[in-house]
Amino acid sequence: MRLFIALTAALSLIACGALPNGQAPAPASPVADDIARGPFVSAANPMAAEAGMAVLRQGGSAVDAAVAVQAVLGLVEPQSSGLGGGAFLVFYDADSREVTVYDGRETAPASATTDLFLRDGRPEDFRSAVLSGRAVGTPGAVAMLAMAQGQHGRLPWSDLFGEAERLAREGFVVPPRLGTFINLAEDQAPQSHTAWADAYFERPDGTRPRAGEVMTNPAYAETLRHLAQEGPDYFYRGALARQIVETVHAGDDPGGLTQADLAAYRPLRREAVCQPYRIYVVCVPPPPSSGVALLQLLAMAEQTPDINRGAASPEAWVAFARLQRLMYADRDLYVGDADHVAVPVAGLLDPSYVAERAALIPTGTGPVGPGTPPGAPAERAPDATQEPAGTSHFVIVDQWGNAVSMTTTVESLFGSGRMAGGFFLNNQMTDFSFSPVDAQGRPAANAVAAGKRPRSSMAPVIILDRQGRLVGALGSPGGNSILAYNAKALIGALDWDLSMQAAFDLPNLVVRGSSVGADTNLFAPDIQAALAASGAPLRPNASETSGLHGAIWRNGRWDAGADNRRDGVSLSDQSLNP
């Protein structure tokens, strides 16, 4: 069913434009009568954004352009995403005003068991796990994009890979972030120093390309040529599938992924979870995405007056820190793959439960435990799954007003460090909890299981008005910090009335249990002091930094942002509006 959680706190059936019985009319729409249309692309690399814009100018749809953007990102930003990874795509259909989720999250091989990352009964070292073949899950991005493009594309699939293939074959200028990560020391980025990565990055004299120099990737060009001509079967059942399996099984610590696992992979079309926030409606993917946690934070924020004090207020930032602690405590306990474990999505958004949790905010001075939402499982183990750096986000709107918000990942930097077909394979299996149970024997929601999708912090966002019209879209990479980054941007743009760029430029603050990370030097002294006094002393962020991209439609144009912590840009061409 469509997961529009119809609650008495004014949750609405956006697809039908209906309101629950007895609900008062929504506030005036922030969107004028003109429709929010593109072409518009915001992505973490100019080459990828230009490839997407070229597809839109040729009459392609937002999903057509997403295929082109992902193909280029896999070449110029392989530390973050690629064909060997997975993604969540949230799609807005301008004609029907429906929001649909395409789930391309990786799945565990059929051979996976709960003790996959246990050694002598104890969780193994993360570094050894991430470099193993066991870290590789069945990639989902290609199949997911093929499904979405088959349902919403306007151009032939074969026409969407040309720019990425050309750049791979003829050469591309190494972007600043890629140049940095290629040249990190082995102890900082071991996946960039595997046998596969060395063969790709190292020149005969032992040096590696720097930012501004030119690289080629002939193997990737061939992969794209075949993928364009043969479709996703080439990836999941053809010669490339065999190469992927050989790579996973290579070395002293092989994995269990098989050709049967690849052939059996199925992307999923899911219903979005949408909830009103102020005069807007925010839509995110359901589990195994953690989007419900983001909606829970926003619901609590509406009952937290200090949030309304604005970006310069110490009280607002203290409240934001406490909101995060509550959100992460519940997310870490309850969210997993809902096809395998019970996830109390409706309970986490229940108005009474939200009010109960929000009531803790004025007195919170440190870590907080999870609550018990309606429908919560009786026994569940706390989970502290790691999600290291290695993700990207982009937003696309086509000339008809259809939109894509897509977060895409290979998990860690360069995934598992294993390559096939010129691209890196993911290490998404390490997104599962290494310990399947806690000391009391209670099961973790995110424990490993065959065919299961690991929990993800990825939460691409579509923003609507109360009439179901497109207002905006955004998202970010950042591992576990994604939820904090997205929340900061939404509060900045929707509550504090900042431009999207100014909202993205706000200092990052990530508070999860006793862990506190921040862009410390960007906070004013009074805010730092207030956070420290509230039990959240700032220290440099140890997680992946943000890479927020997106826009909000204001006054008949896109108010866009591209996180200055990345290499991204936002491009718009209103001349093609019909």
Side-chain angles (χ1 to χ4, degrees), residues 41-45 48 51-52 62-75 77-92 99-107 136-153 160-161 164 227 232 235-236 265-270 272 283-291 337 387 389-396 403-412 415 423-429 431 453-462 473-479 482 486 544 547 549-550:
V41 181
S42 184
N45 182 273
V63 177
D64 289 329
V67 178
V69 169
Q70 178 65 90
V72 175
L73 285 177
L75 175 69
E77 207 190 31
Q79 74 275 10
S80 298
S81 73
L83 305 186
F88 289 98
L89 186 156
V90 184
F91 176 74
Y92 173 77
V99 180
T100 304
V101 171
Y102 291 90
D103 178 346
R105 186 66 163 157
E106 298 89 340
T107 56
V136 182
T138 310
V142 172
M144 180 274 285
L145 284 168
M147 172 187 272
Q149 198 271 340
Q151 296 177 3
H152 301 290
L160 306 177
F161 299 89
L227 187 59
F235 190 99
Y236 291 95
Y265 183 84
R266 296 293 182 271
L268 297 174
R269 176 172 171 152
R270 299 186 186 271
C283 296
V284 295
S289 162
S290 295
D337 184 346
E387 287 184 67
T391 304
S392 194
H393 184 83
F394 58 85
V395 167
I396 303 170
V404 162
S405 185
M406 178 170 152
T407 311
T408 172
T409 186
V410 289
E411 218 268 283
S412 295
F423 57 86
F424 285 91
L425 298 175
N426 70 83
N427 64 295
Q428 292 296 354
M429 295 296 291
D431 262 1
R453 296 169 191 241
R455 186 191 71 203
S456 175
S457 292
M458 294 189 291
V461 173
I462 291 282
L474 61 82
S476 181
I482 287 173
N486 285 0
E544 179 183 14
H549 290 85

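Val404 has its side chain within reach of Val63: a pair of non-hydrogen atoms, C-beta onward, lies under 4.5 Å apart. Residues Phe91 and Gln151 are not in side-chain contact: their nearest non-hydrogen atoms beyond the backbone lie 4.5 Å or more apart. A 4.5 Å side-chain heavy-atom check between Met406 and Leu145 finds at least one atom pair inside the cut-off. Asp103 places none of its side-chain heavy atoms less than 4.5 Å from the side chain of Met144. In this structure, the side chains of Leu160 and Gln149 come closer than 4.5 Å at one or more pairs of heavy atoms. Using a 4.5 Å heavy-atom cutoff, the side chains of His393 and Pro477 are in contact. Within the 4.5 Å cutoff, the side chain of Val99 has heavy atoms near those of the Val90 side chain.
Ser42 places no side-chain N or O within donor-acceptor distance of the main-chain N or O of Phe394, the cut-off being under 3.5 Å. Formation of a donor-acceptor pair under 3.5 Å by the Ser290 side chain with backbone atoms of Ser456 is found in this model. Using modelled atom types, one side-chain atom of Ser405 and one backbone atom of Leu474 make a donor-acceptor pair closer than 3.5 Å. In this structure, the side chain of Arg453 engages the main chain of Arg105 through a donor-acceptor pair within 3.5 Å. In this structure, the side chain of Thr391 does not engage the main chain of Gly478 through any donor-acceptor pair within 3.5 Å. At distances below 3.5 Å, at least one donor-acceptor pair connects side-chain atoms of Tyr236 with backbone N or O atoms of Pro139. Proximity of a side-chain donor or acceptor of Asn486 to a complementary backbone N or O of Ser476 within less than 3.5 Å is detected. The backbone N or O of Ser412 sits less than 3.5 Å from a side-chain atom of Asn427, completing a donor-acceptor pair. Here the side chain of Asn45 pairs no donor or acceptor atom with the backbone of Glu77 at under 3.5 angstrom. Checking side-chain atoms of Asn426 against main-chain N and O of Gly84 turns up a donor-acceptor pair under 3.5 Å.
Residue Ala51 comes nearest to Val72 through the heavy atom pair CB-CG2, 3.7 Å, listed as atom of the first residue, atom of the second, then distance. Between Pro288 and Asp337 the shortest heavy-atom distance is CB-CA, 3.9 Å. Residues Phe88 and Ser289 share a closest heavy-atom pair of CZ-N, 3.8 Å. Closest approach of Ser392 to Ser81, counting heavy atoms only: CB-OG, 4.2 Å. The two atoms that bring Leu75 and Ala164 nearest to each other are CD2-O, 4.0 Å, heavy atoms only. When all heavy atoms of Pro78 and Gly74 are compared, the pair lying nearest together is CB-O, 3.6 Å.
If you take CG on Asp431 and CZ on Arg455, they are separated by 8.0 Å, rounding to the nearest 0.5 Å. For the atom pair His152 NE2 and Asp64 CG, the distance stands at 11.0 Å (nearest 0.5 Å). Atom CZ of Arg266 sits about 9.0 Å away from atom CE of Met147, to the nearest 0.5 Å.
Partners of Tyr92 under the ring pair (Phe, Tyr, Trp, His ring centres under 6.0 Å) rule, at least two apart in sequence or in another chain, do not exist in this structure.
Taking the six-membered ring for Trp and the full ring otherwise, Phe235 and Tyr265 have centroids separated by 6.0 Å or more.
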